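Structure record follows, encoded as structure tokens.
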Amino acid sequence: MKLDPRTKLVMVFSLSTLAVFVVDVLLLSIVLIISIIVANFFKANWSFLNRVRKFIILLIGIAFLQSIFSPSGQVLFSIQNFTLLTTGGLAKGLRVILRMLTIIISATIMKGSSPREIIQALIQWRVPFELAFMVSLAIRFIPILGQEAKDAFTAIQLRGIEIDKLSITKRFKVYSYMFMPVLSGIVHRARELSTSLEARAFRAYPERTSYIKLKLSRYDFLIMSISVTFTMIVLTIYLLMG
Amino acid sequence: MQEVYKDNPFIEVNNVSFSYEKSDIILKNITTSFYKGEITAIVGPNGSGKTTFGKLLTGILTADHGYILVDSKNVEEITLGSIGKKIGYLFQQPSRQLFNPTVREEIGFAHSFMGKSKEVVEQKVNKIIEEFSLEGLEDSSPYRISRGERQRVALASIFINKPTFLILDEPTTGLDIVRKDKLSMLLQNLKSQGIGIILISHDKKFINKNATRVIELSGGELHET
């Protein structure tokens, strides 16, 4: 069953909204499980987790910092008078991890929809074409920017700089050098792209026609309704319960 | 002198295969050696895996099968930093390997970063600037100069490290005839000093003039021509 990208966007939006507003760890876990099930249904490629592995380590680090700097509840672990882990802090840390994982995993639902289809979905939602086009460009360029940063890091090392043997301060200095080629690439590409767009008469006419037209099916309406209703019910109960 | 180098390959490629994720095999069971004091040109059609092969030789990419030895050490077991001390690698797009605000800082980057004195770095940078005809561009941003000039800055920043071996991916792109001649002279000079060079290029004229050995990559296989 191929769903309309608008349906997928509604699902992503619903799950992300729940992840942001829900505070209860148990309910957040349920939202995460739902995201995993839905992403699995859309045949998410879980190998991306390998790529974001370092990011997950960072999340765990943030969770620990949350736990240390905003302690509450029972003390679980402390060194002399310094509290390292509390039940409240641990819950806050867990919330950060669960929220971020839900947002990342729910975004994989969009897999299978091409950037062109996503633009069309936004246009048919009456988002101005220019804005929709910018969003799709941003999505398309993310992997390129990643590759450029990686290339810059490789180039720095190939100048004979052994990262592993550097002090932390020097390591940070090396990382700061990576921004120059990436930023320069962004500016350069933006300039070339704008020239190319002008040359192809971008925005020459106020009205645009489109070769692709998306059509919502019965399933799309059904899934969208379920997603929105479920999100509204959970949030209303949450707000009413304070 | 070259015969001495022939006994000790600087880079040994043993039965190497490589493919990118979700794509066909780019390189199939490649075995070859590269020597110091030799200029080897790697030619082949677009998409034949020339750049990929160059990246495998420097450890930027890792082989699926087989192994590569650089100076008798497996590239997978040594860091890019230590490979960089032996091999100078020129990227196909030089802007990706420039990361300093000025040409002068770009060329002196490795030496300044490794804590060499300002005077020593200045002296070396000035010499290289002269060698690569970069006078007048010292304080320019490497991103605001022409492509040819950028190519020369990238080359200069590699040469300052005095590598034992060089891998140059399309080094003549953006160079005019005079600069190409100068690059030729420089490569011949380096060759006579015993430095090994791999030229990945489409520039037939430049290859015929400089290469002592030409190998062709096509259909994932390597052929000596």
Side-chain angles (χ1 to χ4, degrees), chain A residues 43-53 108 111-112 114 141-195, chain B residues 21-22 51 54-55 57-61 70 75 78-102 105-116 141-145 147 150 154 156-167 169:
Chain A
K43 296 182 176 61
N45 183 2
W46 297 106
S47 67
F48 83 95
L49 279 177
N50 207 22
R51 264 181 267 161
V52 293
R53 207 179 48 216
T108 60
K111 187 186 166 270
S114 70
F141 282 123
I142 289 169
I144 299 173
L145 294 182
Q147 187 54 49
E148 282 185 358
K150 214 172 151 188
D151 278 353
F153 191 52
T154 304
I156 293 170
Q157 292 178 84
L158 283 176
R159 295 267 185 101
I161 312 288
E162 295 196 58
I163 306 285
D164 295 343
K165 290 182 184 167
L166 295 177
S167 63
I168 290 186
T169 343
K170 278 211 159 183
R171 253 188 228 200
F172 273 110
K173 209 175 164 191
V174 166
Y175 295 133
S176 72
Y177 279 105
M178 284 163 56
F179 290 109
M180 189 75 93
V182 176
L183 281 176
S184 144
I186 292 170
V187 174
H188 184 69
R189 198 167 298 112
R191 264 194 212 147
E192 286 195 336
L193 206 66
S194 64
T195 313
Chain B
E21 210 181 320
K22 291 179 194 164
T51 297
K55 286 186 175 177
L57 298 180
T58 38
I60 299 172
L61 295 173
V70 169
V75 276
I78 44 178
T79 60
L80 279 176
S82 57
I83 293 172
K85 283 177 185 160
K86 293 171 183 171
I87 300 179
Y89 184 81
L90 178 77
F91 279 61
Q92 200 169 11
Q93 285 161 309
S95 53
R96 291 197 179 180
Q97 67 190 103
L98 304 173
F99 33 81
N100 283 275
T102 66
E105 285 172 83
E106 189 65 61
I107 298 171
F109 172 78
H111 287 293
S112 332
F113 204 86
M114 286 184 236
K116 290 203 176 157
S141 159
Y143 301 100
R144 302 192 80 110
I145 54 181
R147 194 195 148 96
R150 215 175 293 145
S157 51
I158 290 170
F159 279 105
I160 199 167
N161 273 356
K162 292 200 179 299
T164 326
F165 207 93
L166 284 168
I167 299 177
D169 197 349

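All figures in this text were calculated on a predicted structure; none of them were measured in a lab.
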*Gln92(B) side, atom CD; Asp151(A) side, atom CG - distance, nearest 0.5 Å*: 11.0 Å
_Please identify, among Thr58(B), Leu98(B), Ile83(B), Ile87(B), the residue contributing the most non-hydrogen atom pairs under 4.5 Å to chain A._
Leu98(B)
*Those residues of residues 163-170 of chain A, ordered by number, that approach chain B below 4.5 Å (heavy atom to heavy atom)*: Asp164(A), Leu166(A), Lys170(A)
*Listed by chain and number, what are the ring pair (Phe, Tyr, Trp, His ring centres under 6.0 Å) partners of Phe179(A), not counting sequence neighbours?*
none
*asked:* Counting only non-hydrogen atoms closer than 4.5 Å, does Ile158(B) touch chain A with its backbone (N, CA, C, O), its side chain (CB onward), both, or neither?
replied: neither
*Check ring pair (Phe, Tyr, Trp, His ring centres under 6.0 Å) between Tyr89(B) and all other residues, then give those that pass, not counting sequence neighbours.*
Phe91(B)
_Non-hydrogen atoms of Phe99(B) and Pro181(A) that approach each other most closely_ = CB-CD, 3.6 Å
*Part of Pro163(B) lying under 4.5 Å from any heavy atom of chain A*: neither
_Arg171(A) atom CZ: more than 12 heavy-atom contacts under 6.0 Å_ = yes
*Under 4.5 Å between any side-chain heavy atoms of Glu106(B) and Arg159(A), yes or no?*
yes
*Side-chain contact, heavy-atom cut-off 4.5 Å: Met114(B) with Ile161(A)?*
yes
_Under 4.5 Å from a heavy atom of chain A, the part of Ser82(B) involved_ = both
*Could you tell me which residues satisfy ring pair (Phe, Tyr, Trp, His ring centres under 6.0 Å) with Phe113(B), sequence neighbours excluded, listed by chain and number?*
Phe109(B)
*Heavy-atom pair with the smallest gap, counting every atom of Leu80(B) and Leu158(A)*: O-CD2, 3.8 Å
